[in-house]
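Reading through the C-alpha cells given below for one structure.
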There are 2 protein chains.
Amino acid sequence: MLSQSVLYDLRKAALNLRIDVIRATTASKSGHPTSCFSAVEIMTVLFRYYLSFAVDRLHCCDNDRFILSKGHAVPLLYAAWKMRGVVTDEQLMSLRKVDSVFEGHPTPRFPYNEAATGSLGQGLAIGLGMSLASRIDSDRFITYVLLGDGELAEGSVWEAAALAAYHQAPRLVAIVDVNRLGQSGATMYEHDVEQYEKKFSAFGWETFVIDGHSFEEIVDVFEIIKDRQYDKPNFRIAIIAKTIKGYGLREFADNPKWHGKPFTEEEAAVVIKKLEDDNRAVAPQFFGPETQCLQDRMKSLNRKGIDHYDPVIPFTGVDLQKDENQALFERGKKMSTRKAFGYALVALGKTNEKIVVLDADVQNSTFTEFFAQKYPTRFVQCFIAEQSMIGIATGIEHRGLIPVAATFGAFFARAYDQIRMAGIGRNALRLCGSHCGVSIGQDGPSQMALEDIALMAAIPQSIILYPSDAVSAYYLTQLSGSYFGGISYLRTTRADTPILYDQNQTFTVGGSHILRQSNHDVACVVAAGITVHEALKAYELLKQEGISIAVIDAYSIKPLDTKTIMDVGQLCGGNIVTIEDHYEYGGLGSMVAMTATQHACRVTMLCVKELSRSGSPEALMKLAGIDADTLVQTIKKLHKMS
Amino acid sequence: MLSQSVLYDLRKAALNLRIDVIRATTASKSGHPTSCFSAVEIMTVLFRYYLSFAVDRLHCCDNDRFILSKGHAVPLLYAAWKMRGVVTDEQLMSLRKVDSVFEGHPTPRFPYNEAATGSLGQGLAIGLGMSLASRIDSDRFITYVLLGDGELAEGSVWEAAALAAYHQAPRLVAIVDVNRLGQSGATMYEHDVEQYEKKFSAFGWETFVIDGHSFEEIVDVFEIIKDRQYDKPNFRIAIIAKTIKGYGLREFADNPKWHGKPFTEEEAAVVIKKLEDDNRAVAPQFFGPETQCLQDRMKSLNRKGIDHYDPVIPFTGVDLQKDENQALFERGKKMSTRKAFGYALVALGKTNEKIVVLDADVQNSTFTEFFAQKYPTRFVQCFIAEQSMIGIATGIEHRGLIPVAATFGAFFARAYDQIRMAGIGRNALRLCGSHCGVSIGQDGPSQMALEDIALMAAIPQSIILYPSDAVSAYYLTQLSGSYFGGISYLRTTRADTPILYDQNQTFTVGGSHILRQSNHDVACVVAAGITVHEALKAYELLKQEGISIAVIDAYSIKPLDTKTIMDVGQLCGGNIVTIEDHYEYGGLGSMVAMTATQHACRVTMLCVKELSRSGSPEALMKLAGIDADTLVQTIKKLHKMS
C-alpha cells in the first residue's frame, strides 16, 4: 500500500504531466496528446521514483536508459524530463518548432533522447543493444523501453524479444501501453491483454499484467525490478499495462476519433480546468506542499556516477605490412575482398577494444567468423534477424561502442528502415555487405545486392567504400571503422580477385586511384570493385588495337572523388564510361553524372539494367553488359564517333 | 498404419528425390543438398499424395498452392515437380545455368514457383495473401508454406502468423522443417521444437509436432488437413517437423560444416550408391513395380479444374468529369494529392472488382479509408506490419487480383526487402506512399519519405508517378493501377495544394507537362509534386524582375520524359534546374543528370541535402533550399553567369 503522501505526490505529478502535454501540443498546434495520456501514470512513477539518472552527466554509466519506442508520445517524455529538471517550461513550449531541438518524434538533437524513434517497432531492439552493451562494459543500469500496443504488430518487436531471451540480456524491461486504439481504429487485440502476455511468455520473457493507471500496481512491479537490479540482474520483464487512450479526459478517453489531434486553445483551457477540478475533488490536500522525504527521493534519483563513455576513440594505425597474414596479401595473389575484410576486422579488434561485431548467421560468408573466433565476447550472433541486428548495433553504438554489422549486401534491404532511423539518430553504424552484384553467380537475384549503393547513398552523412582487391579492402575496413560521422557502408565481393595494390598504398575517404593513364586516352573508365578488373582487362584488349583508356578505381563511392574523375575525364575529351555491378538508378554512374553535367563530360553508363538470374559470374556479367568485352565495344563506338 | 505398398512407394519416391537433388546440385557445382534432405519425406508425401494440382492448368483455381519459403531448398522442389511430370530430367539437370529457368532460388521464370523466395522469412505472408485471395474469390485450395527453422528468427514470420490468425485466413498450412542448423551454426532453438510450438500457439495457430522423417506421422497430419478442407476450412495449422539436415547421408547428416555445398562427382557417385544400398537392405521389395492404385492416386492429384485466373484485366476508363466528387476537383480549389488518390481508388474499385486495397493502420492519412468504407470485403487491414502488407499483396497479386498497398512513403522502407523480392517475382504491386518529403512539417524526419524515389527507382521495371495536384493524382492513380509490368509507386503529398489541371487533361506513363514556356527562358525548371508549386511561385517572382523560366511538371519520375526535358533544356541554353522534396542521391535530379550529360545540359540540383527536423512545412522547405525563394536566387545566379 502506498502512503497517502506518496499517492498525492504521484497524482499531482501526473496532473502536471497531463497539463504540460496539453499546453505543449496546443502551442505547437500538432501532436498526439491522447497517446501520451495513456502512459502518464507509468511515466510518472518511472521518472519520479525509479529512473536512476545523473541528469548533469548524460553519459554516466550508471544512468538507467529509457527508450520511447512509441515515439509519437514524445511530449510526455519532454514533460517528464521537465519534471526531472533538465527541460525548462520555455523549452517544452517550443515543441515542434523549427529552431527547437524538441522535435515531434524523438531525435538525439535533444540529447536525453536515447534513440531516434517514430518509425514504430524499433525501440526494443535498440534497448536490447544497450542491455548487451552493459554486459560488455560491466555496467549495471536498467534499460526501459516503452512500447505502444499497435507497434506490437511489427515483427521486429518479436525478433528482438526472441534474441533478448536467447542472449539472456540483462536488466531489460519492456512496458507495453495497451491503450486499445491505433491511428485509424482498434488494434489487433484491443484490450485482450492476455494475447500479449501469451506472446511475450512464449518468447521467453517474464510478464506482469497490470492496470496502467493504478499507481499501486505500477509501483509494485517497479519495486520487483528494483530489488533484482544488482542481485538477480538476468531478467527480461514485459509489463503489459492495460490503459485508456486519452485517460483523464472524459469525452476524449477511449475515443478512436481522437488520434494525433491537439486541442485548440479554448478546448485546452476547458480541459485543463476540468482536470484540475477532478483532482481537487478527489484529493483536496492535493495541492499542498511536497514533503521533504519525497523531494529527497526525487533528488536521489538524479545521482552522480562514473562517466566511462568515450564516444570517439581514435583508431591507432593498422598496418597490413605488420599483419600476421601479410603474406596472403602479396601482389599477384588472389583473395576475395570479403575475406580481406575478415582479416582486417581482427586487426582492428586487436587495436581497439570498443569494436563489437554483429552477424546474421552468415559469418562464414562475410568472414566475420575470424573475429568471432578471436573475440567471442565482442561478437553478437543475431541469427537471421537483420532488423534486430541493426537495432542492436544502434543501441550498442549509443553506449559508445563501435558496432560493425555484416551480412549479404542484399539483406540490408530487410533492415533499411532501421538504417534510415539510425541515420536520423546520428548513430555511426559500420555496415559491411558481401555478395554484391550479379558477379555472385549461381545463387541468383535474391542473393545479389544490386540496389545497396542507392539505399546507402540516400542517407545523409553516409559514406560508401567499395574495394576492388584485398589490400584496398583491408585499409577501407579501417577507414570505415574510423568513420564517426554517420552510416558507413563497405561493399565486398564474393569472388577471389587478384591483388592490385602494394601493401603500403594509402586510401582515403573521398579518394580514388588512377590505375591507367596516358596522354592519348580516348575515354576515362570509372570502375569500382569487381568491375575494376574488367576495366583492366578491357585496357589490355584495347591496347592491342592501339586504343588507350584511362582507368580509375573509384573505391570511395560516396563521397566520390569527382575532382580526379572530372580532371581525367576532360583530358579524355569529356568521354567518361562508368562500369558497375549495380542497378542503373542510384549507383556509381548516376553519381558521376550528377557532377559531370557541370564539367562538359558525357557519361556512358554500363550497369545492370534488368533483373538477373542464376548462372556463372562470367555469364551474368556478360548478360548485364558489365564485362570487359562490352566495355571494349563501348569504347570503340565512342572512339569512332569522336 | 500405412500399408506396406504405400510405405514402399513413399520410400522409393523419397530415394529418387534425394538422388535427383544430388545429381542436380553436383551438375551445377553449387546449391544446398543437405538443406533439401531434411525436407525430403515431407515433400514426398505432400507432392505424391496430397498436393492437388492440375499440372497442365497452372492457374486452375482448384490448384493447391505451395510456397517454398526456404528458397535454398529449391532443387528438391524441382525434383518434386519432376516426380509430378512437369519437369524433365534434362531440365532438372540444367539447374543454375544461365540459359535455364531453374534458378538457384525460386523465381517465376519456372512458372510452377508460386513466389520468388531466397530472402528468408517472406513465404508465410505471401501464402497468407493467397489464402485471403481464396476467400475473396471463393476458391477452396489449400496453401502450403514450407519454412526452415532458421528463418523463424525473422520477425516477418510472426507478423504474418498474427495477421493470419486475426483474419481467420482459410486453409493455411505452415510446415516448419526444424533441421537444427543454419548456415553458420546451430539455430536459436536447435531441436527444441517446443519453442516453435509455443510461439505458433501463442500467435493463434493450431500446431502439430511431428517427426519429419516419419511417413506415418506426416501422413497423419496431412489426412487431418484433407478432412477439413471443405467442411471446416477455417484453419491455420503449423506442422513443426523435427528433422535432420542431410538426413539419409550418414556422414553428412546433422553436420554444421555441410551447408550450401554440393558433392563432387566422385562423392556423388559414392553417396548415391550408399543411399540405394541402404534402402535395398531395409526393403528388398523396394524396387518392385508401382501398384496400379498408387499410380491412380498420383494421377488423381493432377486433376483438372476451372480456370478463373485472368491476370490482365484492362481498366475501363475512369473519367473525373463523371465522378461524383467532380466538383471538388475544380481549378482553383485546393485538395491534397493523397485525398485525390482516395477518391480515385473508389472510382477504380467500382470499374474493376479485382482491386484489393491494403492498409497498415494509416487509412485516415492515406485516404484508403474511402475505399474501405465502400468495399470492405476488398480491404485488408494489415495493422502496423508493412512487411506483411507487401507479402500479402504479393500473394494476392499472384492469384490474379490487383493489390494497392498504401502507407506513409517513409514506411515502405520497412518492407523494402519484400518489395525487392516482389520485383524479382514479377509481381505487379501498386504502392502509394503518402507524406513524402520535408513538406509534411512538424512530425519530423522519421515520418518523411525522402529516399523513397531512390528505393523504388532501383527496382527494374518499376514506374514512379508523382502528382502535383488533385487532378493529376486522380489520373495517375488510374495509370498506376493499370500498370502490369512490375512495381508501380505513386508518391503523394500531405498538404492541400491548388488544383492546376483541367479535368480533361491527359497523363501518360513517361509523360510530363510544360506549364510555363517562352522563347526567352533563361532556365528550364524541372519540378514534381509539391515543388511544382514552388516553381510556379518562382516563375511569378522572376517575371516581376523581367526574367523568364520554363517550368516542367515531371509527374512521371520513372520513366522520365527525358525528351521533353532535354528539348526544353537546350532551348534554355542548356540550363536545367531540378527542384525536389527528396534527398540528393537517387532522386529526380540525379535522373535528369543521367541523361543531361549526353545533351550538353548543365543540371543544378535543389534537393534535401541534410537531415530535416520538425517545423512548419514552409520553414523546412526553406531550410532545405527547395522553396521558391531559393529557386529564384539560383536562377538569378545562373542568369548572371551566362
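Quantities reported herein were computed from a predicted structural model and do not represent experimental measurements.
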What option among [options] has the most heavy-atom pairs under 4.5 Å with chain B?
| options | result |
| --- | --- |
| A/E194, A/E610, A/M605, A/Q387 | A/Q387 |
| A/A454, A/S365, A/G586 | A/S365 |
| A/Q195, A/M591, A/H32 | A/M591 |
| A/G441, A/A593, A/P460 | A/P460 |

Output yes when a side-chain donor or acceptor of [X] lies under 3.5 Å from a complementary backbone atom of [Y], and no otherwise.
| X | Y | answer |
| --- | --- | --- |
| A/S30 | B/Q442 | no |
| B/Q447 | A/G118 | yes |
| B/Q183 | A/N364 | no |
| A/H105 | B/D443 | yes |

Chain A contact via [X] - side chain, backbone, both or neither, heavy atoms under 4.5 Å:
| X | value |
| --- | --- |
| B/A162 | both |
| B/M594 | both |
| B/E584 | both |
| B/H72 | neither |
| B/M389 | neither |
| B/A457 | both |
| B/F203 | both |
| B/M188 | both |
| B/E197 | neither |
| B/S100 | neither |
| B/T187 | backbone |
| B/A410 | both |
| B/K29 | neither |

At what distance, to the nearest 0.5 angstrom, does [atom1] of [X] lie from [atom2] of [Y]?
| X | Y | atom1 | atom2 | result |
| --- | --- | --- | --- | --- |
| A/E159 | B/W158 | CD | CH2 | 12.0 Å |
| B/Y583 | A/S462 | OH | OG | 10.0 Å |
| A/I424 | B/L450 | CD1 | CG | 8.0 Å |

Does the side chain of [Y] come within less than 4.5 Å of [X]'s, by heavy atoms?
| X | Y | answer |
| --- | --- | --- |
| B/Q381 | A/S184 | yes |
| A/R414 | B/S119 | yes |
| A/V98 | B/R613 | yes |
| A/E154 | B/F383 | no |
| A/S614 | B/K97 | no |
| B/K198 | A/K198 | no |

Non-hydrogen atoms of chain B under 4.5 Å away: do they reach the side chain of [X], the backbone, both or neither?
| X | value |
| --- | --- |
| A/Q363 | both |
| A/S388 | neither |
| A/M448 | backbone |
| A/F412 | neither |

For the student: nearest non-hydrogen atoms of B/E451 and A/A458, plus distance: CB-CB, 3.7 Å
Contact summary for B/A385 and A/A153, nearest pair of heavy atoms: CB-O, 3.6 Å
Mind ranking [options] by heavy-atom pairs under 4.5 Å with chain A and telling me who comes out on top?
| options | answer |
| --- | --- |
| B/Q418, B/H582, B/Q461 | B/Q418 |
| B/G444, B/G204, B/G182, B/G31 | B/G182 |
| B/V157, B/V603, B/I453 | B/V603 |
| B/H599, B/R426, B/H259, B/E151 | B/R426 |
| B/K609, B/E369, B/K558, B/R109 | B/R109 |
| B/A202, B/G104, B/S446 | B/S446 |

Single hit among B/R420, B/E103, B/M421 for side chain to side chain contact (heavy atoms under 4.5 Å, CB included) with A/P445: B/E103
Pairing residues for B/E190 by the side-chain contact (heavy atoms from CB on, under 4.5 Å) criterion, not counting sequence neighbours: B/R180, B/A186
Which residues share a ring pair (Phe, Tyr, Trp, His ring centres under 6.0 Å) with B/Y585, sequence neighbours left out: none
